[in-house]
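All chains are named by letter (A, B, ...) in the order of the sequence lines, taking the proteins before the strands, and each is independently numbered beginning at 1.
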Amino acid sequence: MYQDDGSSSATSSPLQFFSMAQLSPNPSNLGSPYPYLRELKSEERGLYLIHLLLTCANHVATGSLESAEVALGQISQLSAPDGDTMQRIAAYFTEALAERIIKAWPGVHRALNATKIKIPSEETMVRSLFYEMFPFLKVAFVVTNQAILEAMEGEKMVHVIDLNASEPSQWIALLQALSGRAEGPPHLRITGIHQQREVLDRMSHKLVEEAERLDIPFQFNPIVVSGGLENLDPEKLRVKTGEALAISSVLQLHPFLASHKNPNSRLLQRQGTLGELGKMDWFLNVLWGLSPKVMVVTEQDSNHNGATLMERLLEALYSYAALFDCLESTVPRSSIERLKVEKMMFGEEIKNIVACEGGERKERHEKLEKWIHRIEMAGFVNLGLSYYGMLQGKGLLESYGCDGYRMKEENGCAVICWQDRPLYSVSSWRCRK
Amino acid sequence: MTTSSSSSVPFFGMGREEVDEQMMKQQSAAAVGVGLGGLHHHHNPHLHLHHHHHQLLQHSSSLLSNSQLTTAGAQQQPPPPLSAASSAAGSGPPQLKRKRNQPGNPSKYLLLATYLALLLYLHPILLGLISCFCFSFFPPLPLPLLPLLVWLRVLVSATPRIDPDAEVIALSPKTLMATNRFICEVCNKGFQREQNLQLHRRGHNLPWKLKQKNKNEVVKRKVYLCPEPTCVHHEASRALGDLTGIKKHYSRKHGEKKWKCDKCAKRYAVQSDWKAHSKTCGTREYRCDCGTLFSRRDSFITHRAFCDALAQESARNPPPSLASHLFTGAGGAAAGLANNTTLDISSSTAHSSAAADILRLGGSTTGPGQFDHLLPPSTTTATSQQFRNQPHLSPSSAAFFMPQQDTSDHHQPFHHALMQQFSSDPNNAGGAAANQLFSLGFDGTTTTNNNMMTLFANNNNHGGVGGGGGGDHQHQMMMGSSTGGSVPLFSSSVHQQQMNNMVAHMSATALLQKAAQMGSTTSSNPNATTSASLLRSAFAAGPNNNHQKSSSGEKQPSLGTFGGSFFGDVDTDNGSSNNLHDLMNSFTAAANGNNNNNNGSGSSNNKKLTRDFLGVGHVAAAVRGIATTTNTISQQQQQIGAALERSSSLDSERNNNNSMGSHSSFGGNPSFQ
């Protein structure tokens, strides 16, 4: 049996030793160790969860499912969707891993998801919650607007295509900026693409109102596209000759990677064999064909498109840890909105990254350098964001009042980070003549 | 909204200094900010409240910078003691004497008030810092103080402090950052001063003109605005007094830190700062009695706190004899398990049936051979039950790792004994421990017990690895698992937010970082060649500040506690080339492709150890009945033993490398993307 350690520990918990070890420099604090111990426990639990998650993922990756099952069981004892950050992350990652396991039995998987209904309005709602809770999209909008503003200097006819027209505020800001132009406001036309008619109607209403207030000649061109941008009919964009075109893409390009088969297919593309191309090449080619004066692309700046599960899971672990940390330090744990964003947005993304393969895997976030290479291959030239655009983005981030958000420049593009972890990138492009 | 403020800032006296068109652009573009400013609000009351809090933080930080600047201007006068503050504030009329660096200095009264406010506001933080030593918890700033703070801030900013005669100059970032902004149009040579350009133009036979100083003209004082709209020095009332000052301020606070110290990870935006740092960097070293080296004082202090505590504790408890303890411990554990199994089956049948279902499904798809030992439901129950119990029984980290510790009356520092024993005699003790564990597992002939022993060995390994790395790693382990409260307080830049919230828990990012770096910050054994853990390499893209360089420069990412155990459960016996294995190969430079083949040959134990870091895979395999010969068992026992303490596996790897004549170099960041 153990020999008594002679310490004056009052309880029989083994943790008592631990706390003694740390508290012994100042034993007077023994009176109320609870809050500290609780936090201590949170950290240990976090480390243990990380360990378990990776062990479990290894098992899943190697197909030793019975070990994975044990690990999943252990994790689920410790994780909680409303606990601390690591508990939350662990909950979503285990859900994703479990889904991956279940996918080996397509029937079971389908049956489990039989009643799952995709409600577009919910998705839109979560997107707007994401927009509200994080500064990322706002910064992206500010930087995008500044890039458009600079590119459209002196233009009389301006056409802006928004590939995901969900937030009217971006364009209201642009309207205001354009109305303050030294040479006077241009004729502005905004083409908004979205899955839902209602969203576009709301947007149209708001923008028209604002344009009238500012007395800017304005036209809104709504395009409803169901089932993703791949179903977009380029004819509907109605780009006219003589107008200066700007394209804004916020988190819209990476789904096209899902069927990206041949990365070097641009040569073929030029020869007109579009049928054999990946969707990404097709879409970038469509955009290139519109010859925009400026195209601003915002994408997740993470590498979630690795070939193996472990690669993706690790990368995802890091970037979603950062995202969850953002929420942890800005939103209270009990917030329903936070839970919604975590579950319906991040949770679904994690699930897609971890559990899905092939064409199903849409959340193929990639690093900025890959995007630069890809977009350059598609015939675009990196414009480089202006110093002032960067400054504005930084200013907005700082005004957010949260220390962790940072912004840096990389190859003339803006990278928005949480602490040192890059999360989103904004780059601006023009057609190579 | 701060961005919108840029449009409201007047640009006084754009006299002599050139103010280029960039400023105009800034003006117009600020309108963009206005628009978005409107939407930067939250419907959620929680969020809103929070932002209020952030605002306060900003206020306090601006106060901070204000007071700092003022002291700098006052030739490093020590801040007045707090007790004197009230009397001085009461007696002295506001002084109007100007300091060198600032046109609008707050009066002494205000200065003191600022100090007071700052101290008041920062008090939880200061106390929090102290709490790192005494490990206690302090409540956040009392709420009633917040309005006071706001009021003080308003007072400070509302007081007209600007020198009415001073000429306020707003320079664009471009102009400010330009080193040679006076360019010769002929040869494109740049000059810092216009006079120099004029002199240069003379050489080209171009018209030139040197400015003559007009004796009659009264030289106006010039003050400079920071072009960053969100900066406090963007306001005319807070403009800085000299051009070099604003230049340095701008690059320090808003510029890119392009000067990197090659000795440590620090970066500087101003070259002179970098030079100053370079002179002292590396000259100061903090060495703990335990032999650990630190280059940063804060990390040293953090370490010391735990190290001292541990030393005290171990002085009090002489290391008990390990073997007997382990034996009894394990015995107790087994007994406890048996109890659990019998008692708790009924309570968790739902769980067990679900688990069994999944297992059965697994069996149907992956072939029967792999599921030879398919667990009966009761076993699964026991397992899950055990793990469900575990947090309640043993909330410490060590207990996490050794959940089977008997719950009845073993509240002694079991893991401590383990650690100490390992540090004193790593190889044998570890081996012996494993021996005991293992034979015990096999003596308990039921499947339940076998399975549990797998878990037991598994979990013990984690504890053992953590504790077994010799003195330093022992401390590291202690640190690793207990710095939760203190780390956010110590790292200056990270988690200010959390200080704000007074949530002394670690962020997930920090946890991941810690998991990846565990054990990598110290090394009393510089020869230890270890492989980078998965997490580490994945983390290469992320922040990596705590990495300390050892004096020999041979510091390599060592296999962290968790890093090791991540690989622990990989089953290498099947010869399956799983992708983890590939990863491992990419790390292990000494990998010669024989890691799958050397199974069963007694001489290759060492090699195997370096691959399958914990040897758990073999244990698991053995329990499954894939390999049940005594030869293999003893081999596995040795493996667990070695795995239980880290340094021995490191040693074996080193030996291995030496014998193979190929030294692995993992110093860099192995990328497996």
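Checked against side-chain hydrogen bond (donor to acceptor under 3.5 Å, both in side chains), A:Y320 has the following partners two or more places apart in sequence or in another chain: A:E349. The side-chain hydrogen bond (donor to acceptor under 3.5 Å, both in side chains) test applied to A:S302 returns no partner, not counting sequence neighbours.
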Next item on the list: Give the C-alpha distance, both sets of side-chain angles, the deciding distance and a yes or no for side chain to side chain contact (heavy atoms under 4.5 Å, CB included) between B:L512 and A:Y318.
Entry: CA-CA 7 Å; B:L512 280 166; A:Y318 276 106; 3.6 Å; yes
Notebook entry, point to check: Between B:E228 and A:E398, does a side chain to side chain contact (heavy atoms under 4.5 Å, CB included) hold up when you go through it step by step?
Noted result: CA-CA 11 Å; B:E228 174 67 39; A:E398 273 169 37; 4.2 Å; yes
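One distance of note links CD of A:Q419 with OG of B:S507; it measures 7.0 Å at 0.5 Å rounding. For the atom pair B:Q513 CD and A:R421 CZ, the distance stands at 10.0 Å (nearest 0.5 Å). Here the NZ atom belonging to A:K394 is positioned 10.5 Å from the OG1 atom belonging to B:T230, to the nearest 0.5 angstrom. Separation of atoms OG (B:S172) and OH (A:Y388) is listed at 11.5 Å; rounding is to 0.5 Å.
In this structure, A:L391 and B:P229 approach most closely via the heavy-atom pair CD2-CD, 4.1 Å. Heavy atoms only, all atoms of each residue included: A:D325 and B:A508 are closest at OD1-N, 2.8 Å. Scanning all heavy atoms of the two residues, the minimum distance from A:G46 to B:L511 falls at CA-CD1, 3.7 Å.
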